[in-house]
Amino acid sequence: DAKTTQPTSMDCAEGRAANLPCNHSTISGNEYVYWYRQIHSQGPQYIIHGLKNNETNEMASLIITEDRKSSTLILPHATLRDTAVYYCIVRVATSGGGADGLTFGKGTHLIIQP
Amino acid sequence: DAGVTQSPTHLIKTRGQHVTLRCSPISGHKSVSWYQQVLGQGPQFIFQYYEKEERGRGNFPDRFSARQFPNYSSELNVNALLLGDSALYLCASSVGQGRTQYFGPGTRLLVL
């Protein structure tokens with residue numbers, strides 16, 4: 001799986017949009033971009049994923065650049081409960097029978113300020 | 001719908017002992033993966049099981065083993081515990097391989 005690069009930490013004011021960047025310049029054509037977040041001492045929570053089109057769900061929006069080398073996770077109206085570590089992960093669409101364990105980096109620690 | 005469940009939530013063991021951790025996947029999910037997360041790091045892949053067969057493992061010693069049962073639940077076993085095995089052990093389930101993985105709350109293991 002391709003490697004990802006994320007800022008170590010970010011701050012965002014409550015009520016504002018939080019924009020979390022991720023670089024994945026070595027991504028392959030059959031690899032998805034996944035986002036998870038982990039609130040302190042809990043299991044990671046799935047947020048959203050995409051291949052090449054922008055995606056939106058009830059939690060967030062995912063914007064993937066046309067060359068697919070970077071993406072941005074957008075939390076439209078951040079609340080204090082959105083304070084967490086956010087992980088950007090690249091993984092193959094199908095494993096072909098082999099293991100498809102997720103490769104986590106250190107993620108971005110997003111702190112929502114009141 | 002119930003999410004992924006894990007038991008126990010917390011566990012304290014001493015060096016040299018063995019431990020068994022349990023995971024029940026989301027109903028309808030046939031793949032279970034195990035991860036270890038030490039303090040300050042992201043989760044690290046240990047094993048994946050699909051349709052009761054091991055489909056791959058990460059860079060972990062043979063002291064770590066797992067199995068998946070006919071009802072798709074899974075156990076992670078760790079023998080000869082070391083202090084460095086202290087971590088949050090996470091289980092994730094998915095419908096199948098290559099599909100979105102959903103994580104349980106984890107089991108926090110402390111080895112003294």
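Throughout, protein chains are lettered first and strands after them, A, B, ... in sequence-line order, and every chain is numbered starting at 1.
Hydrophobic clustering (ILVMFWY, side-chain heavy atoms < 4.5 Å, transitive): B/Val32 and B/Val4 are in distinct clusters. A continuous path of hydrophobic side-chain contacts links A/Val90 to A/Leu73 [ILVMFWY only; heavy atoms under 4.5 Å]. Cluster membership check: B/Phe60 shares its hydrophobic cluster with B/Leu21, using side-chain heavy-atom separations under 4.5 Å among Ile, Leu, Val, Met, Phe, Trp and Tyr. Linking Ile, Leu, Val, Met, Phe, Trp and Tyr whenever their side-chain heavy atoms come within less than 4.5 Å puts A/Ile64 and A/Met59 in one cluster. Linking ILVMFWY side-chain heavy atoms closer than 4.5 Å, directly or via other members, places B/Val95 and B/Tyr50 in two distinct hydrophobic clusters.
In terms of the side chain to side chain donor-acceptor pair (under 3.5 Å) criterion, A/Gln42 has no residue partners (sequence neighbours excluded).
The 12-atom threshold is not exceeded at NZ of A/Lys69, counting heavy atoms of other residues, nucleotides or ligands nearer than 6.0 Å. Surrounding CG of A/Asp67 are more than 12 heavy atoms belonging to other residues, nucleotides or ligands, all under 6.0 Å away.
Within the 4.5 Å cutoff, side-chain heavy atoms of A/Tyr36 are placed close to those of B/Gln101.
Residues of residues 74-90 of chain B lying under 4.5 angstrom from chain A, judged on non-hydrogen atoms, are B/Leu88, B/Leu90 in numerical order. Along residues 102-112 of chain B, the residues that come nearer than 4.5 angstrom to chain A, judged on non-hydrogen atoms, are B/Tyr102, B/Phe103, B/Gly104, B/Pro105, B/Arg108 in order of number. Contact annotation for residues 63-73 of chain B against chain A (heavy-atom separation below 4.5 Å): no residues qualify.
Expressed to the nearest 0.5 Å, how far CG of A/Leu102 lies from CD of B/Gln48 amounts to 9.0 Å. Here OH of A/Tyr32 is found 9.0 Å from OG1 of B/Thr100. Values are rounded to the nearest 0.5 Å. B/Arg99 contributes atom CZ, which lies 10.0 Å from atom CZ of A/Arg91 (distance to the nearest 0.5 angstrom).
The choice from B/Ser33, B/Pro43, B/Ser94 that makes the most heavy-atom pairs within less than 4.5 Å of chain A is B/Pro43.
Of the two parts of B/Gln37, only the side chain, counted from C-beta on, holds a non-hydrogen atom closer than 4.5 Å to a non-hydrogen atom of chain A. A/Gln38 touches chain B through its side chain: at least one heavy atom from C-beta onward sits under 4.5 Å away, while N, CA, C and O do not.
Checking side-chain atoms of B/Tyr35 against main-chain N and O of A/Gly101 turns up no donor-acceptor pair under 3.5 Å.
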